[in-house]
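In what follows, chains carry the letters A, B, and so on, assigned in the order in which the sequence lines appear, proteins first and then strands, with residues in each chain numbered from 1.
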Protein chains: 2
Amino acid sequence: MSKLNLLDALKDKGFKLTVQRRRIIETLRQLGGRVSARDIHQALRKKNPSLSLDTVYRNLRLLTEIGLVHQISLQSGAVFELADDRRHHHHLVCIDCEKVACIEYCPEFPAYSDHAASEGFTVLGHIFEVYGRCTECQNKKQAANI
Amino acid sequence: MSKLNLLDALKDKGFKLTVQRRRIIETLRQLGGRVSARDIHQALRKKNPSLSLDTVYRNLRLLTEIGLVHQISLQSGAVFELADDRRHHHHLVCIDCEKVACIEYCPEFPAYSDHAASEGFTVLGHIFEVYGRCTECQNKKQAANI
DNA sequence: TCTCTAAATAGTAATATTCTTATTTGATAA
DNA sequence: TTATCAAATAAGAATATTACTATTTAGAGA
């Protein structure tokens, strides 16, 4: 999804195109993947000192909920990335070392939208994260148990 | 999964069976679904004043990561429930009114474990949440736009 | 363009969650 | 049973995230 389409998508769903939202999306794109709310806030504060941290959080949550942004929950806090830079995907998080790997898989939309419809829900977005152990941490674990 | 099996599962994965863990699991069962870390902490404080809130958070995260507990991320904070009380399931969350509905669907394990394996990951658990709008909030939204 | 209104924001306060470090404890093996 | 040690905990400090409220603003329509 291009930048324009992102803004269109926001508008289509009935949300306003505020300057803050434009800037947050722009910054998500500029900084690349896996940035925290604080990262975005600090980057934007340089030129727009009045930007509220609350606004960053509020919009990241909104963008996540309507599927335009991916959220990755690490122990150290949440990080985000635009959902449009590559094919829709999710993440593997190592519970020992916090390493993140991309997983080229997404729970298929039709598979659960039917269930959602039966509950009267209109689906907008989702969060899907897989937890496990990476190769190195599995080996460490085994070595410790010898 | 019965209570004993839960404890066995913890042990099998190499985690210690501390009294705090037993009590947290026991409380999750007693309080039923969708309790917050604070709920659990307060319930246990009555009889065990020294229990640390940090311990509750740490264990809820661990239990979630290894798939024994479900986490639901609401705007007001995260709530949890044992994964064993009924068939494995997930949740629909209304982004307007925060209503939660159960969705009898889970991204099938084999479908993504292959992807995970190719990255060298051993899968332990996952978080899957669907965001959307419930019937009432869709109607409100439409009424407002007339 | 001007007005109007619900939605969004800024600033700050309040909570929620995680981190740090010294101490305790479950599990293992002698 | 006892010693040992990595894992887990308690307590409190530090961050992360959300809530509250007065004010501003995007978008719709006159």
Side-chain angles (χ1 to χ4, degrees), chain A residues 7-8 10-25 35-42 44-45 48-66 71-80 93 95-96 98 127 137 140-146, chain B residues 7-8 10-25 35-42 44-45 48-66 71-80 93 95-96 98 127 137 140-146:
Chain A
L7 299 181
D8 287 345
L10 259 181
K11 202 168 185 178
D12 284 347
K13 293 175 196 290
F15 301 104
K16 293 183 178 177
L17 296 187
T18 65
V19 282
Q20 290 88 343
R21 276 181 185 157
R22 293 169 190 274
R23 285 174 180 159
I24 288 170
I25 290 174
V35 296
S36 68
R38 175 168 296 274
D39 293 335
I40 293 174
H41 185 242
Q42 286 182 341
L44 283 174
R45 271 272 180 161
N48 312 281
S50 72
L51 178 71
S52 166
L53 183 55
D54 176 56
T55 297
V56 177
Y57 274 107
R58 193 163 12 83
N59 280 296
L60 285 174
R61 177 161 180 109
L62 171 67
L63 292 167
T64 298
E65 287 177 340
I66 63 179
Q71 172 178 336
I72 315 175
S73 296
L74 305 179
Q75 184 132 17
S76 51
V79 294
F80 303 84
V93 181
I95 68 174
D96 287 342
E98 295 260 297
I127 289 180
C137 289
K140 280 184 196 166
K141 197 87 180 175
Q142 288 191 329
N145 290 340
I146 284 177
Chain B
L7 299 180
D8 286 346
L10 261 179
K11 202 170 186 179
D12 283 348
K13 294 175 193 292
F15 301 104
K16 293 182 180 178
L17 296 186
T18 65
V19 282
Q20 290 87 344
R21 277 180 185 156
R22 294 170 189 273
R23 285 173 180 159
I24 288 170
I25 290 174
V35 295
S36 68
R38 175 169 295 272
D39 293 335
I40 293 173
H41 185 241
Q42 286 182 340
L44 284 173
R45 272 272 181 163
N48 314 280
S50 72
L51 178 71
S52 166
L53 183 54
D54 176 57
T55 297
V56 177
Y57 274 108
R58 194 162 12 83
N59 280 296
L60 285 174
R61 177 161 181 110
L62 171 68
L63 291 168
T64 298
E65 287 178 337
I66 64 179
Q71 172 178 335
I72 315 174
S73 296
L74 305 179
Q75 185 133 14
S76 51
V79 293
F80 303 84
V93 181
I95 68 175
D96 287 341
E98 294 260 297
I127 289 179
C137 290
K140 281 185 196 167
K141 197 88 180 176
Q142 287 190 333
N145 290 339
I146 284 176

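Remark: P of D/dT4 and NZ of B/K16 are 16 Å apart, rounded to the nearest angstrom. In this structure, the CG atom of A/D8 is 12 Å from the P atom of D/dG27, given to the nearest Å. Rounded to an integer number of Å, the gap from CZ of A/F15 to P of C/dA6 is 17 Å. In this structure, the CD atom of B/Q71 is 15 Å from the P atom of C/dA16, given to the nearest Å. Atom pair A/L17:CG and C/dA8:C1' shows a separation of 12 Å (rounding to whole Å applied). Between A/N59 atom CG and C/dA10 atom C1' the separation is 13 Å, expressed in whole Å. Between the CG atom of A/L60 and the P atom of C/dT9 there is a distance of 11 Å, given to the nearest Å. For the pair A/D39 CG and D/dT15 P, the interatomic distance rounds to 15 Å; values are reported in whole Å.
Distances shown here put every side-chain N or O of A/N48 at or beyond 4.0 Å from the OP1 or OP2 atom of C/dA10. Phosphate contact (OP1/OP2 of D/dA16, side-chain N/O of A/R38, threshold under 4.0 Å): present.
Stretches of at least 3 consecutive Watson-Crick or G-U wobble pairs, with each checked distance under 3.5 Å, appear in DNA chain D as C:1-30 with D:1-30.
Counting only N and O atoms by type, the side chains of B/T55 and B/R58 include a donor and acceptor under 3.5 Å apart.
By the 4.5 Å heavy-atom criterion applied to side chains, B/L62 and B/R21 are counted as neighbours. A 4.5 Å side-chain heavy-atom check between B/L44 and B/V56 finds every atom pair outside the cut-off. By the 4.5 Å heavy-atom criterion applied to side chains, B/N59 and B/I25 are not counted as neighbours. Two residues are said to be in side-chain contact when any heavy atoms from C-beta on lie closer than 4.5 Å; B/N48 and B/V19 fail this criterion.
Mapping B/R45 and B/L62 onto DNA chain D by nearest heavy atom places B/L62 at the nucleotide closer to the 5' end. Positionally, the nearest nucleotide of DNA chain C for B/F80 lies more toward the 5' end than for the other of B/F80 and B/V19. Place B/A78 and B/T18 on DNA chain C by their nearest nucleotides, and B/A78 ends up nearer the 5' end. Each of B/R21 and B/P49 was matched to the nucleotide of DNA chain D holding its nearest heavy atom; the match closer to the 5' end belongs to B/R21.
The side chain of B/Q20 lies closest to D/dT9 when the candidates are C/dA27, C/dT9, D/dT9.
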Can you check nucleotides 18-23 of chain D for protein contacts, nitrogen or oxygen pairs under 3.5 Å, and list what you find?
none

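The main-chain N or O of B/L51 is found under 3.5 Å from a side-chain atom of B/H41 such that the two form a donor-acceptor pair. The main-chain N or O of A/S50 is never found under 3.5 Å from a side-chain atom of A/R45 such that the two would form a donor-acceptor pair. A donor-acceptor contact shorter than 3.5 Å links the side chain of B/E98 to the backbone of B/Q75.
Heavy-atom minimum distance, A/L74 versus B/R61: C-NH2, 3.5 Å.
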Please determine whether side chain to side chain contact (heavy atoms under 4.5 Å, CB included) holds for the pair B/V35 and B/V79, giving the CA-CA distance in whole Å, both sets of side-chain angles, and the decisive distance to 0.1 Å. CA-CA 5 Å; B/V35 295; B/V79 293; over 6 Å; no

